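Single-structure report; data block below.
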Amino acid sequence: MLVHAIPANINYEFAADVRAGLTREHQKELPSKYLYDDVGSALFEVISHLPEYGLTRADERLLRRHSREIVDRVKGPVAVAELGSGSGRKTRWLLEAFCRRQRTSYYPVEISHSALVMCERELSDIDAISIVGFEREYLEGLLEVAAYRKSGEHLLVLFLGSTIGNFDRMAGLKFLSGVRRILKPGDSLLLGTDLEKSSSELIRAYDDELGVTAAFNLNLLARINRELAADFDLAQFKHVARINDEARSVEMHLRSKRPQKVHIRAAQVVVEFGQDETIWTESSHKYSLDDVCEMARTAGFRCEVQWMDEQWPFAENLLVAV
Ligand code: AVJ
């Protein structure tokens with residue numbers, strides 16, 4: 001019986017990243033973008049409904065409540081580019097508001113093919129919208145969107161859901177600068193950022209009672225088993241959420257319950273784990289309102305407005321390229 005057959009179509013980039021991350025000398029790590037295969041994306045969708053995890057609902061409330069005001073502050077005609085569109089559900093309000101004013105182009109940029117298809121299907125019924133999806137990495141996709149822009153059209157980039165929090169602060173700043181370089185003065189960026197909150201709230205949000213976040217995290221090992229013919233025993237790893245005070249972030253790790261060896265055949269590597277050794281799988285940085293403005297200014301934006309949610313500390317920041 002072929003238990004761990006090597007799949008026919010190996011994603012070599014995934015294999016190389018897994019190999020590099022798990023052979024690191026001090027802290028083993030895996031890039032958080034790999035959490036989002038079809039199973040991981042579905043689990044994150046469940047997380048966004050958990051009472052302990054208010055982030056996504058706060059984001060949606062703000063977009064819904066302030067869509068008119070956002071539209072009024074962005075002069076038309078406008079092309080809207082969204083980095084990491086996901087299902088497109090929370091963007092609906094905003095796009096409807098833009099399309100009530102005039103015909104609007106919407107360019108979702110997304111590495112997940114299935115999310116892109118879902119998003120196009122979800123939003124195509126809006127009147128006066130034209131949707132063209134880009135299955136690309138964020139900045140690559142944004143470059144193409146910018147090349148598509150018609151003369152006189154303003155570009156509004158959406159980077160919602162505090163996805164920026166997955167970057168460390170330096171990388172986040174670099175990323176915003178990268179976005180800024182593709183924009184023209186007067187273009188805008190609507191940036192969603194999760195704000196600082198107490199350690200106990202954060203731990204509850206990232207280690208929920210039901211264990212959905214644990215499943216979301218462990219799915220990364222399951223994915224490596226599926227796609228790279230590995231033999232991780234998921235029962236021998238435990239999900240851990242941990243506060244990093246210095247970085248002002250919450251980290252997710254997977255902790256090895258005992259010394260063990262794992263074979264990752266498609267990455268041609270055997271990885272040894274010591275007891276309690278962890279794989280660092282994600283960081284989620286938290287910001288103050290001032291942090292965001294400061295970062296925006298350094299990247300070449302003016303901080304136009306910040307809207308804050310009343311129930312869950314989260315901000316929608318409208319930044320204008322100067
Ligand atoms: C989708 C990146 C915003 O960092 O809060 C949720 C992902 N990880 N629970 C976040 C996540 C664990 C989420 N982002």
Side-chain angles (χ1 to χ4, degrees), residues 54-86 88-102 104-109 138 142 145-146 149 152-165 167 169 172-173 175-197 248 284-322:
L55 188 156
T56 310
R57 292 187 301 279
D59 195 22
E60 286 177 16
R61 268 195 302 276
L62 286 166
L63 290 171
R64 201 157 153 180
R65 178 165 308 167
H66 301 291
S67 59
R68 272 285 303 282
E69 205 184 333
I70 295 168
V71 168
D72 289 344
R73 286 177 183 271
V74 180
K75 298 285 164 276
V78 62
V80 178
E82 180 166 17
L83 309 181
S85 59
R89 190 182 60 215
K90 65 184 161 198
T91 320
R92 169 165 220 102
W93 309 102
L94 202 53
L95 290 174
E96 281 181 347
F98 274 113
C99 289
R100 268 197 295 278
R101 183 174 72 186
Q102 68 195 128
T104 300
S105 316
Y106 175 55
Y107 302 109
V109 177
Y138 296 149
L142 187 58
V145 170
R149 161 216 304 246
E153 226 174 30
H154 272 109
L155 197 54
L156 167 65
V157 178
L158 308 179
F159 195 34
L160 305 173
S162 205
T163 305
I164 190 165
F167 294 123
R169 278 164 216 270
L173 177 59
F175 184 79
L176 290 191
S177 307
V179 170
R180 172 62 193 86
R181 273 195 293 278
I182 300 171
L183 302 183
K184 292 184 185 160
D187 287 340
S188 314
L189 168 63
L190 187 65
L191 179 68
T193 51
D194 202 23
L195 302 177
E196 291 175 313
K197 42 190 75 60
R248 285 178 293 142
S284 216
H285 289 77
K286 305 303 167 190
Y287 306 86
S288 69
L289 291 174
D290 286 345
D291 285 343
V292 179
C293 283
E294 162 100 44
M295 181 165 65
R297 272 195 293 273
T298 311
F301 292 93
R302 163 163 61 80
C303 204
E304 178 96 355
V305 205
Q306 298 182 297
W307 293 279
M308 248 181 58
D309 188 62
E310 287 147 13
Q311 295 173 49
W312 178 272
F314 187 97
E316 225 66 81
N317 310 272
L318 184 62
L319 312 176
V320 178
V322 290

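Predicted model only: the values in this text are computed from it and were never measured. All residue numbers refer to positions in the sequence shown, counting from 1.
- With hydrogens and angles ignored, the 3.5 Å screen pairs no side-chain donor or acceptor of H285 with any backbone N or O of I164.
- Side chains of L190 and L160 form a contact here, defined as non-hydrogen atoms less than 4.5 Å apart.
- Taking H66 as the reference, W307 meet the ring-ring contact (aromatic ring centres under 6.0 Å, His included) condition, with sequence neighbours excluded.
- The two residues S162 and Y287 have their closest heavy-atom pair at OG-CE1, 4.4 Å.
- Partners of D291 according to the side chain to side chain donor-acceptor pair (under 3.5 Å) rule, which considers only residues two or more places apart in sequence or in another chain, are R248, S288.
- The heavy-atom pair separating D59 from G161 by the smallest distance is OD2-N, 2.9 Å.
- By the side chain to side chain contact (heavy atoms under 4.5 Å, CB included) test, E60 is found to be paired with T56, R89, K90, residues two or more places apart in sequence or in another chain being considered.
- Residues Q311 and R57 form no side-chain contact, since every pair of their non-hydrogen atoms from C-beta on lies 4.5 Å or further apart.
- Residues meeting the side chain to side chain contact (heavy atoms under 4.5 Å, CB included) test with E153, sequence neighbours left out: P77, A79, S105, R149, K150.
- Under the salt bridge (Lys or Arg N to Asp or Glu O under 4.0 Å) criterion, K197 pairs with D194, sequence neighbours left out.
- The main-chain N or O of A321 is never found under 3.5 Å from a side-chain atom of D187 such that the two would form a donor-acceptor pair.
- Side-chain contact between T193 and N317 is present, with heavy atoms from C-beta onward closer than 4.5 Å.
- For the pair S188 and V320, the tightest heavy-atom approach, listed with the atom from each and the gap, is OG-CG2, 4.2 Å.
- For the pair E82/Y106, a side-chain contact is recorded, criterion being any heavy-atom separation below 4.5 Å from C-beta on.
- Distance check: L189 CG to L142 CG gives 9.5 Å after rounding to the nearest 0.5 Å.
- Expressed to the nearest 0.5 Å, how far CG of L156 lies from CD1 of I70 amounts to 8.0 Å.
- Formation of a donor-acceptor pair under 3.5 Å by the D309 side chain with backbone atoms of F314 is not found in this model.
- Side-chain contact between V78 and R101 is present, with at least one heavy-atom pair separated by less than 4.5 Å.
- A pairwise comparison of heavy atoms in L176 and A299 identifies CB-CB, 3.7 Å as the closest pair.
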Exercise for review: Take T163 and F175 through the test side chain to side chain contact (heavy atoms under 4.5 Å, CB included) and record every step on the way to the result.
Suggested key: CA-CA 11 Å; T163 305; F175 184 79; over 6 Å; no

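- Taking the side chain as every heavy atom from C-beta outward, V179 and F159 never approach each other to under 4.5 Å.
- To the nearest 0.5 Å, atom CZ of residue F301 and atom CG of residue L318 are 10.5 Å apart.
- Between atom CZ of residue R100 and atom CG of residue L95 there is a gap of 11.0 Å, rounded to the nearest 0.5 Å.
- The side-chain heavy atoms of L155 and I182, taken from C-beta on, include no pair separated by under 4.5 Å.
- Going from atom CD of E310 over to atom CZ of R65 covers 5.0 Å, rounded to the nearest 0.5 Å.
- Closest approach of V145 and A81 over heavy atoms only: CG1-CB, 3.9 Å.
- Here the CD-CZ distance, from E316 to R61, works out to 11.5 Å after rounding to the nearest 0.5 Å.
- Across all non-hydrogen atoms, the minimal contact from K75 to H154 is O-ND1, 3.1 Å.
- Inter-residue side-chain proximity for R302 and C293 is flagged as unmet; no heavy-atom pair is nearer than 4.5 Å.
- In this structure, the side chain of R180 engages the main chain of V322 through a donor-acceptor pair within 3.5 Å.
- The side chain to side chain donor-acceptor pair (under 3.5 Å) check on E294 picks up nothing, with sequence neighbours excluded.
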